[in-house]
There are 2 protein chains.
Amino acid sequence: MSTRRETVRQALATSEGFRSAQDIYASLRAEGAKVGLTTVYRQLQALTESGEVDMLRTDDGESVYRACATDQHHHHLVCRKCGRTVEVEGPAVERWAEAVGLEHGFTDVTHTVEIFGTCGSCGQP
Amino acid sequence: MSTRRETVRQALATSEGFRSAQDIYASLRAEGAKVGLTTVYRQLQALTESGEVDMLRTDDGESVYRACATDQHHHHLVCRKCGRTVEVEGPAVERWAEAVGLEHGFTDVTHTVEIFGTCGSCGQP
DNA sequence: GCGACTTTGACAATCGTTTTCATTCTTGTC
DNA sequence: GACAAGAATGAAAACGATTGTCAAAGTCGC
């Protein structure tokens, strides 16, 4: 039973944007992979913890995953129609968030920043 | 059957931070209000749509609500322990998000920015 | 008081996710 | 090879938040 880690990693590697666990599971089954939903979830969780993939929640509470190019801290610009994603950095935002936190006496400050929009392809039908 | 809108609004008004629907429902029942969970959800949804309360998702996918002081666009600095929330503004972030979107050809750009930390009270035990 | 319309809430249904647990590998050792 | 011990797997059940259903209860104009 060779590790399914690779299988899931592959599925993510060949995707443009964020994918849901169910979505990944479905496409793996579609291409004949014998894998269980449970395992997909487990592997996604492991990959997320190891920092290999990024996870975020959609507006309707679904967890979506993506294998990002860099392992550095960054944010995402996501097309809300096709899901295409661009990784962006914003040093200014990092500093701002940190400063705001400290200013109000908060410690261990973290932040979430995601940008959504309609990408060029989806905007011109 | 006087509208339950007020009941829910009240519950939020007397809270410091974000509260979950289930949480609000529980405390309403605790103080004797005869209200159903369904109705709490419905009213929260209505209040959110009308812009009277802000809604966001916690890390574990739960929706939490809060009656915010201003009805202008703003973000939140939330204590991850006690839930205490400070409303913050960040014009620079707004501009940055907009610029990043346009730069990549995205339109209808929106963004989510939330800052989490441990507040002064919770940090010093 | 009466009929039309709206609001409510108990309950069931949904849906993504997690747990459980027996089965199936893998690996190291004889 | 054979075998025991431990890790990985996946089917099915459990879970928890949210939403849908629908009949009962309330409101309003008359």
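In what follows, every chain begins at residue 1, and chains take the letters A, B, ... in the order their sequences are listed. What you are looking at is a predicted structure, and each value in this text was computed from that prediction instead of being measured. Only heavy atoms go into these numbers, but all of them, side chains included; no hydrogens, no water, no symmetry mates.
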Without decimals, in angstroms, what is the distance between A/Ile24 CD1 and C/dT17 P?
10 Å
C/dT8 C1' sits how many Å from B/Glu6 CD, rounded?
17 Å
Is there a side-chain contact between A/Gln43 and the phosphate of D/dA8, meaning an N or O under 4.0 Å from OP1 or OP2?
no
Rounded interatomic separation in angstrom, taking CG from B/Asp60 and C1' from D/dT18
14 Å
Quickly work out the B/Tyr25 OH to D/dT19 C1' distance and round it to whole Å.
15 Å
Considering just the side-chain nitrogens and oxygens of A/Thr39, establish if one lies under 4.0 Å of OP1 or OP2 belonging to D/dG10.
yes
Ring centres of A/His76 and A/Phe18 under 6.0 Å apart?
yes
When you check the phosphate oxygens OP1 and OP2 of D/dT19, does a side-chain N or O of B/Gln45 lie under 4.0 Å from one of them?
yes
Please tell me which of the listed nucleotides, D/dT18, D/dG20, D/dT9, lies nearest to the side chain of B/Thr38?
D/dG20
For a quick check of understanding: with a heavy-atom distance under 4.0 Å over all strands, which category does B/Gln22 fall into, base, sugar-phosphate or nothing?
base
Salt-bridge test for B/Glu98 and B/Arg95: reply yes if a basic N is under 4.0 Å from a carboxylate O, no otherwise.
no
Between atom CG in B/Asp23 and atom P in D/dT18, what is the gap in whole Å?
11 Å
For A/His111 together with A/His75, are the ring centres under 6.0 Å from each other?
yes
Integer-rounded Å distance: D/dA17 P and B/Met55 CE
16 Å
For B/Ser20, report the nucleic acid contact type (base, sugar-phosphate, nothing); a contact means any heavy atom under 4.0 Å.
nothing
Consider the side chain of A/Val35, meaning its heavy atoms from C-beta on, and name the nucleotide among C/dG9, C/dT17, D/dG10 that approaches it most closely.
D/dG10
Take atom CZ of B/Arg42 and atom C1' of D/dC22, then tell me their distance rounded to the nearest Å.
11 Å
Is the shortest side-chain N/O distance from B/Tyr41 to OP1 or OP2 of D/dT19 below 4.0 Å?
no
We want to know whether A/Arg5 and A/Gln43 form a side-chain donor-acceptor pair, criterion being a heavy-atom distance below 3.5 angstrom.
yes
Electrostatic pair A/Arg19-A/Glu62, nearest N-O below 4.0 angstrom
no
Provide, to the nearest angstrom, the distance between the CG atom belonging to A/Leu44 and the P atom belonging to C/dT17.
9 Å
